[in-house]
Amino acid sequence: MSTPTHDPAIIAEELILLDADLGESKDAVIERLSETLAAAGRATDAAPLRDAALAREAQSATGLPGGIAIPHCRADAVTSASLGFARLNPKVDFGAPDGPADLVFLIAAPTGAGSAHMKLLSSLARALVKPEFVASLRNAATAADVVALVDGVINPAPKAAPAEAPAAAPAAAPATAEPAADAPADAPKHIVAVTACPTGIAHTYMAADSLVAAGERAGVTVHVETQGSSGSTPLDPSVIASAEAVIFATDVGVKGKERFAGKPVVSSGVKRAINEPDVMVTEALRASYDPNAARVSGTAASSSGSSAAAGELGWGTRIRQILLTGVSYMIPFVAAGGLLIALGFLLGGYEISGVAEDIVVNNSITSLPDGGLTAYLGAVLFQIGALSFSFLVPALAGYISYAIADRPGLAPGFTAGAVAVLVGAGFIGGLVGGLIAGFVALWISKWRIPAVLRGLMPVVIIPLFATLIVGGIMFLVLGKPLAAITSGLTNWLNGLSGSSVVILGVILGLMMCFDLGGPVNKAAYAFATAGLSVTDTASLRIMAAVMAAGMVPPLAMALASAIRPRLFTEAERENGKAAWFLGAAFISEGAIPFAAADPLRVIPSMMAGGAVTGALIMATDVTLSAPHGGIFVFFAIGKIVWFLIALAAGTVVSALLVVFAKQFVKGKNAPTEEALDPDVVPA
C-alpha cells in the first residue's frame with residue numbers, strides 16, 4: 001500500500017468500534033476513543049486528546065436526544081481532523097435529557113484547524129438530526145458500512161450515497177410536534193435565528209438544522225446564521241428586515257446583535273434549540289404577534305446561559321454577565337489611563353500630579369516649566385492618562401446599562417456614571433447607577449406607544465427619559481448615601497494596619513487565582529483599579545497585591561512543569577514555556593490550560609500561592625501605580641525588591657503544591673504514567 005501524500009480521510013474503518021463495551025462512564029468511552037485515534041496515527045498522544053475532550057465535556061454535556069453523543073475538541077496532539085465512532089452495548093450516559101447514548105462520535109480537530117475541516121465536521125452534526133441517518137448507523141453491519149454512511153454526508157457527491165437516499169423524502173420527518181397550534185392562520189413568512197456554542201464545532205450546526213426542520217414542520221421558513229468555528233455567513237439585511245421574529249440559541253455572545261434591533265426575540269442556550277426546536281419556533285411565532293413580547297433592543301439576548309421554561313435566561317446568570325460586561329469595557333480605559341499616569345510619574349516624578357494640568361495648559365514646548373522637557377512630557381503623559389482614567393466609572397456604568405438595554409441604554413448609563421463621579425460615589429455609584437439606568441431604559445422600551453413613534457424609541461425617547469430618571473435618582477436620592485459608603489470604604493482601607501491589611505491581601509490573592517479572568521478575578525481587579533483614581537497609599541498597595549497575585553498562576557505552572565516535566569503532558573510542557581512570559585506580563589490566563597485539564601489539584605495550589613503573595617505585598621507596604629504590565633512596569637512599583645520577593649515566594653509555594661498534588665493525590669483527569677513518560681510507548 002502506498003503512503004498517501006494528503007491528509008487521511010476524516011473517518012476510516014480503524015476508527016470505528018461496533019457493539020463495544022467501553023465501560024460504564026463517558027470518561028472511559030472518551031479515553032478508549034482517544035486511544036483508538038492515537039493508535040491509528042491521528043494523534044501523537046491519546047492523553048492530551050482525552051484531556052481536551054473531557055475539558056470540553058466539563059463545560060456542558062454533549063449527549064443529545066435520541067441516544068447520540070458527540071464529544072468534541074481541538075488539541076495540539078491531533079494531527080488531522082478525524083472522527084472516532086463507537087456503537088455502544090451497553091449504553092452510556094452522556095447527559096442527554098432522554099437517557100444514555102449508544103452512538104458516540106468523538107470529533108477531534110487540530111488546534112488552528114482550517115475552516116474546511118470545520119465545515120466537514122459540521123456536516124456530520126447536521127446529518128445527526130435526520131432520523132433516517134441515525135437509524136442507518138444503528139443498522140450498519142460492518143465498519144465499512146459506517147464509513148460509507150458518514151462519508152456520504154461529509155463529502156456529498158452527485159451520485160447519491162446509500163445513507164442519503166431516505167433524506168430526499170421529507171415526508172418521513174417526524175411530525176410529533178404541534179408548533180403552530182396557537183399561531184394565527186396567516187403565519188409569518190419567515191423568522192431568523194442565530195446559533196453559537198463555545199467551540200463552534202457541532203452544537204452550533206445541529207441547533208441550526210433542528211430549527212430549520214422545526215420550521216418546515218410548522219410551515220414557516222427559518223433562516224439561520226451559524227456563528228461557528230468554520231466562520232459565519234451573515235444573514236442578508238433584507239432577510240432580517242422582513243423577518244417577523246428572531247431566535248438566539250447561543251452559549252456565547254451574538255455577533256452583530258444590533259442588526260436585529262426591534263425584533264421580537266426568543267433567547268436560550270444552544271442545547272435547547274436541539275432538544276426543543278419545535279417549542280422555540282412556536283414561541284417565536286407567538287412573539288411575532290404579541291406587541292408586548294421581549295425585543296432585541298430591550299433585552300440581554302446576546303448573553304449566554306441556561307434557559308428558563310420560556311426560553312429566557314436565568315436572572316442570576318444575566319446579572320453576573322451584565323456586571324462583567326461593564327467591567328470588560330472599562331478595563332481598556334483603566335489600562336491606557338493607568339499606564340500613561342505611571343509613565344508620567346516616571347518622567348516627571350510623583351509631584352507632577354499636583355501641577356500637571358497647569359503645566360499642560362499654560363506651558364508649551366517653547367516655554368518649558370521647571371524640570372525642562374522631561375517634566376513637560378511627564379505632565380503631558382500624566383494629563384492624558386488622567387483624562388482617560390476619568391472615563392472609568394462612566395464606561396463601567398454605561399456598558400452595564402448597555403448589557404441590559406442595548407444601545408438605548410448607553411446615554412443614561414454614561415450619565416449615571418458621570419453623576420456618580422460628580423457626587424463622589426465613585427466605583428460603587430457607577431455599579432448602582434448603571435444597573436438603574438439599564439433597567440429604566442428596558443422598562444421604557446416596553447411602553448406602548450403609537451407605531452409612528454416607535455422608530456424614535458431607541459434614539460430619542462428611551463435615552464431622554466431614562467437619562468432624566470436615573471440622573472434625578474442619582475442626584476436627589478442615592479448620590480450622597482453612595483458617596484458616604486465610598487468615602488467610608490476609602491477611610492477604612494487607609495486605616496488598615498497589621499493583621500487586618502494582611503488578611504485583605506490574602507483575600508485578594510485568593511480571588512485573583514480562583515478563576516483566572518473569570519467573575520471573581522475580575523471583581524478583585526476592578527476593585528483595585530477603581531482605587532487608582534484616588535492614588536492614596538492604601539489603594540496603591542491593593543493594586544500591587546492584585547497584580548502580583550495575578551502573576552503567580554502562570555509563573556507557578558511554568559516553574560512546576562520545568563522542575564518536574566514528567567508530571568505534565570507534552571502540550572502542558574509547551575504551555576509552560578510560554579507561561580514564563582505571560583506571568584511576567586500579568587496575564588493570568590496563561591495558567592488556564594493547566595487549570596482546565598486538572599482543576600481539583602491545580603486551582604487550590606495556585607490560590608495558596610496567590611494568598612502568600614498578596615499577604616506579603618500588603619505586609620511590606622509595596623505600592624503600584626500602574627494597572628497592568630507586570631514586571632515590565634517596574635518603574636511604577638514602590639519597594640520593588642519586596643515585590644519580587646513576594647512574587648517569588650507565592651510562585652514557589654504554588655509550584656511545590658502542584659508538584660506534590662500531581663505526585664501523590666489522585667486526580668480524575670490525571671494523565672497516566674504512560675502518557676506522561678515520553679519514553680513509554682502506549683500499547
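The chain is numbered in sequence order, starting from 1.
The heavy-atom pair separating Val546 from Ala528 by the smallest distance is CG2-CB, 3.7 Å. Between Val633 and Gly630, the shortest heavy-atom contact is CG2-O, 3.0 Å. Pairing each heavy atom of Gly398 with each of Leu410, the nearest pair is O-CD2, 3.7 Å. Across Met512 and Ala524, no two heavy atoms sit closer than the pair SD-CB, 3.8 Å. What you find for Leu540 and Ser625 is that their closest heavy atoms are CD2-CA, 3.9 Å. Shown here for Val622 and Gly638, the closest heavy-atom pair between the two residues is CG1-O, 3.2 Å.
No side-chain donor-acceptor contact under 3.5 Å links Ser388 to the backbone of Gly385. The closest donor-acceptor contact from the side chain of Glu258 to the backbone of Arg407 lies at 3.5 Å or more, if one exists at all. Between the side chain of Ser401 and the backbone N or O of Ala397, no donor-acceptor pair lies under 3.5 Å. A donor-acceptor pair under 3.5 Å is formed between the side chain of Lys263 and the backbone N or O of Ala243. In this structure, the side chain of Ser288 does not engage the main chain of Ala245 through any donor-acceptor pair within 3.5 Å.
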### Task
Please lay out, stage by stage, how Phe248 and Phe260 fare under the test ring-ring contact (aromatic ring centres under 6.0 Å, His included).
CA-CA 10 Å; Phe248 288 152; Phe260 305 91; 5.4 Å; yes
### Verdict with supporting geometry, Met551 and Phe643, side chain to side chain contact (heavy atoms under 4.5 Å, CB included)
CA-CA 11 Å; Met551 295 167 67; Phe643 181 92; 4.0 Å; yes
#### Entry: Leu340 vs Phe382, side chain to side chain contact (heavy atoms under 4.5 Å, CB included): CA-CA, chis, key distance, verdict
CA-CA 6 Å; Leu340 286 170; Phe382 178 91; over 6 Å; no
Show me the donor-acceptor pairs within less than 3.5 Å that the side chains of residues 416-439 make with the rest of the protein, sequence neighbours left out.
none

All N/O donor-acceptor pairs, side-chain side in residues 604-619, below 3.5 Å, sequence neighbours left out:
unit_1, atom_1, unit_2, atom_2, d
Ser605, OG, Arg601, O, 2.8
Thr613, OG1, Gly609, O, 3.3
Thr613, OG1, Ala646, O, 2.9
Thr613, OG1, Gly650, N, 3.4

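The shortest side-chain heavy-atom distance between Thr250 and Thr195 does not fall under the 4.5 Å cut-off. Within the 4.5 Å cutoff, no side-chain heavy atoms of Cys73 are placed close to those of Glu57. No side-chain heavy atom of Val192 sits less than 4.5 Å from a side-chain heavy atom of Glu225. Proximity of Val265 to Val246: side-chain heavy atoms (C-beta onward) are separated by under 4.5 Å at one or more points. A heavy-atom distance below 4.5 Å is found between the side chains of Met474 and Leu482. At a threshold of 4.5 Å between non-hydrogen side-chain atoms, the residues Leu211 and Ile247 count as touching. Residues Phe635 and Leu343 meet the side-chain proximity criterion, which asks for heavy atoms closer than 4.5 Å. Using a 4.5 Å cut-off on side-chain heavy atoms (C-beta onward), Phe594 and Pro554 make no contact.
A ring-centre distance under 6.0 Å is not found for Tyr399 and Phe333. Taking the centre of each ring, Phe632 and Phe586 stay at or above the 6.0 Å mark.
Distance check, rounded to the nearest 0.5 Å: OG of Ser588 to CZ of Phe514 gives 14.0 Å. Atom CG of Leu464 sits about 9.5 Å away from atom CD1 of Ile469, to the nearest 0.5 Å. With rounding to the nearest 0.5 angstrom, the CH2 atom of Trp447 is 4.5 Å from the CD1 atom of Ile444. Distance check, rounded to the nearest 0.5 Å: CE of Met280 to CD1 of Ile274 gives 11.0 Å. In this structure, Leu504 CG and Arg541 CZ are separated by 9.0 Å, a value rounded to the nearest 0.5 Å. Rounding to the nearest 0.5 Å places CD1 of Ile240 at 5.0 Å from CG of Leu235.
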